[in-house]
Amino acid sequence: MPQAGPTSRLPARKDGRIIIHFDYDCFYASVFEAENPALKSLPLAVQQKQIIVTCNYEARRRGLYKLQLVKDAKLACPDVVIVLGEDLTRFRNASKALYTFLSRFSWNNKAERLGFDEVWMDVTDIVDYNIQLVNKNDLSHSFFNLSKDDPTIGFPFDASLVAGHVIPDTDDGLRHTVNAHDNLSLRLCIGSHLALYLRHALEEEQGYTSTVGISTSKLLSKLIGNVNKPKGQTTLLPPYGLKVDHDNNNNNVTAFLDPHEIGKIPNIGFKQAQKLREFVLGRPAKFHAGLIYGKTQESVTVRDVRLHPDMAPALLDKVLGGPGTPHGVGTRIWELVNGVDDTEVHQAKRVPSQISIEDSYIRLDTFEEATKELHMLSMSLIKRMHLDLLEDEDGADQHNAPVEQTGQTPPRRWLALPRTLRLSTRPRAAPAPDWTRSRAFNRISRSAPVPGFLFNLDESDEALADKLVHDAWLPLFRKIHPEKSGWNLSLVNVAVTNMTDTASDDKNASGRDIGKMFKMQDQILREWRVEDVSTTSNVAPTSPNHLAFVDGPHGVENECVHESSPNVLEGHNWEEDEDSAPVPGSTCETCGLTVPSFAMSAHRRYHLMGD
Ligand code: DCP
Ligand code: MG
């Protein structure tokens with residue numbers, strides 16, 4: 001059996017936190033069911049393009065599955081009810097409402113969303129408060145305090161038994177009894193009761209069931225939750241162990257993680273997993289190149305990697321390193337395979353860091369069509385900006401705003417002002433002589449300052465979109481595609497980025513005063529004028545005014561392109577949310593633009609040159 005290196009090299013795990021991970025069951029399908037409860041008893045599938053992106057459990061019971069082709073789903077279950085899920089608005093709104101609901105229970109505001117349907121909560125403070133209140137000689141009759149200010153708010157619970165499932169499983173199938181003198185055990189148990197309460201509250205008050213994991217890190221809470229899906233919760237029991245134990249006698253963390261296929265570990269990206277498989281197998285690892293691109297055909301486990309001879313951060317650096325690999329990748333992966341993840345649950349952001357709307361096309365090759373599409377995308381962008389960036393003067397944001405009975409819109413203010421517009425397109429590669437097309441596409445982007453009129457709330461969305469297309473998008477579009485024809489776009493993305501949070505300023509300042517806000521925007525833009533930022537993929541900049549940066553990876557299609565992606569946490573990178581699409585590269589401290597590492601020094605010089 002392979003032996004691990006000396007234990008002195010093993011990372012220490014800090015188990016000071018209690019973290020709960022929520023994953024809403026069949027999220028998109030549940031959103032439709034919440035709108036129309038009659039759908040609950042029917043097999044329901046959500047379609048995007050030709051694919052079933054998700055389906056409810058009735059459909060799954062009848063053999064349907066996620067990412068199945070629509071035609072196969074109809075064959076398997078002819079009476080399946082199919083709803084269209086390409087417009088993400090309803091999912092986004094439901095996701096935000098659920099997130100807001102959960103965040104209200106947080107004391108430290110550490111509640112972080114991943115995509116639409118996952119949330120982490122760091123509940124360490126609530127657990128630590130409650131552990132002081134339980135009577136260790138009578139754990140069964142405990143009361144959980146949900147508020148520090150009002151001791152009557154909460155619920156009775158039995159702190160001697162963990163709520164829900166546990167790993168390792170109890171042999172007799174009975175609930176796990178807590179050792180009152182093992183601090184971690186009791187803290188996890190208290191966390192499990194909070195999780196149960198929140199899960200029930202989500203179901204009863206919001207109509208959504210969820211799958212939940214409870215542990216001491218984002219990594220472990222997310223993975224342990226998967227064990228009992230759907231409508232389940234699982235707690236990873238101690239001992240967590242700080243050192244690798246080959247027999248896993250004393251370490252439930254490694255015992256749990258070890259059998260996982262290496263690509264199933266969040267934050268180990270597709271390419272990294274391939275390199276690790278290749279290293280362990282001593283030959284290239286096979287993978288599927290079909291519809292669900294990148295699915296492995298091999299099984300290399302965490303244990304195979306962790307216990308490989310001489311395994312250590314330095315070796316992982318060698319295996320995974322290469323141009324553009326960030327510093328510390330070996331250590332980070334080494335920690336992950338040992339179940340160590342000290343990344344913080346981020347505090348809730350009031351506003352997204354960018355808003356980006358895109359659509360993909362089978363064929364988009366005329367200027368007229370492109371103008372029409374830009375108009376549609378602009379309408380969505382403006383609606384999203386209003387939803388996400390405005391709040392009523394009384395402080396309610398647009399999601400929770402009551403329907404106006406009078407027909408008059410209440411006075412609204414901007415929570416944040418985006419400073420930059422970005423247009424990206426993804427041209428289709430020209431067909432090869434044999435008429436096959438390359439799978440590799442890169443995005444091309446151009447940016448410009450946001451025109452002031454976009455913040456005018458007196459104009460109709462239609463009029464704003466029209467102006468935006470003619471004054472901003474078309475000039476950028478012509479820069480990207482100066483030729484009248486000869487291009488064919490597979491994707492167009494419009495975005496506003498570089499948010500300035502106006503609401504965090506003094507209450508009487510820009511957040512409330514639109515005049516001051518424009519002045520502030522003007523000041524910001526004076527410092528930051530990039531009129532001619534052009535982006536072409538994989539081309540080093542020739543002058544500071546001509547910068548190259550590449551978007552992605554964006555969807556499976558793109559994953560093979562970014563060979564030099566400097567983003568370690570590619571793939572399931574949980575530092576991103578759906579509002580800040582993953583962009584490999586570093587972020588400029590001055591203007592917030594994402595620029596690939598190789599272009600960063602030129603980009604900094606550009607700022608130093610001034611206007
Ligand atoms: N989704 C998507 N495209 C994908 C994967 C997912 O549009 N390639 C959408 C549909 C899902 C939602 O994201 O409803 C969340 O993805 P999950 O993988 O968590 O799937 P579900 O929540 O639907 O199901 P589960 O109960 O397995 O969590
Ligand atoms: Mg889900």
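Start at 1 and go down the list; that is how both ligands and their atoms are numbered.
Side-chain atoms of Val300 and Val305, non-hydrogen and from C-beta on, do get closer than 4.5 Å to each other.
Nearest N/O/S atom of Asp23 relative to the Mg ion (ligand 2): this is OD1. Closest N/O/S atom of Asp117 to the Mg ion (ligand 2): OD2.
Asp341 places a side-chain N or O within 3.5 Å of a backbone atom of Leu219 that can act as its donor or acceptor partner. In this structure a side-chain-to-backbone donor-acceptor pair under 3.5 Å is present from Gln233 to Ala163.
At a 4.0 Å heavy-atom cut-off, the residues surrounding ligand 1 are Asp23, Tyr24, Asp25, Cys26, Phe27, Tyr28, Gln48, Val53, Thr54, Tyr57, Arg60, Lys66, Leu67, Asp117, Lys229, listed by chain and number.
Outside the 6.0 Å centre-distance limit, the rings of Tyr24 and Tyr99 are not counted as a close aromatic pair. Ring centroids of His193 and Phe157 are separated by less than 6.0 Å, placing the two rings close together.
The Mg ion (ligand 2) does not have Ser210 among its coordinating residues (no N/O/S atom, backbone or side chain, under 2.8 Å). The distance from the Mg ion (ligand 2) to the nearest N/O/S atom of Asp25 is not under 2.8 Å. The distance from the Mg ion (ligand 2) to the nearest N/O/S atom of Glu118 is not under 2.8 Å.
Distance NE2/His346 to CG/Asn109: 13.0 Å, rounded to 0.5 Å. Remark: His200 NE2 to Phe155 CZ distance equals 10.5 Å, nearest 0.5 Å. If you take OG on Ser380 and CG on Leu387, they are separated by 11.0 Å, rounding to the nearest 0.5 Å.
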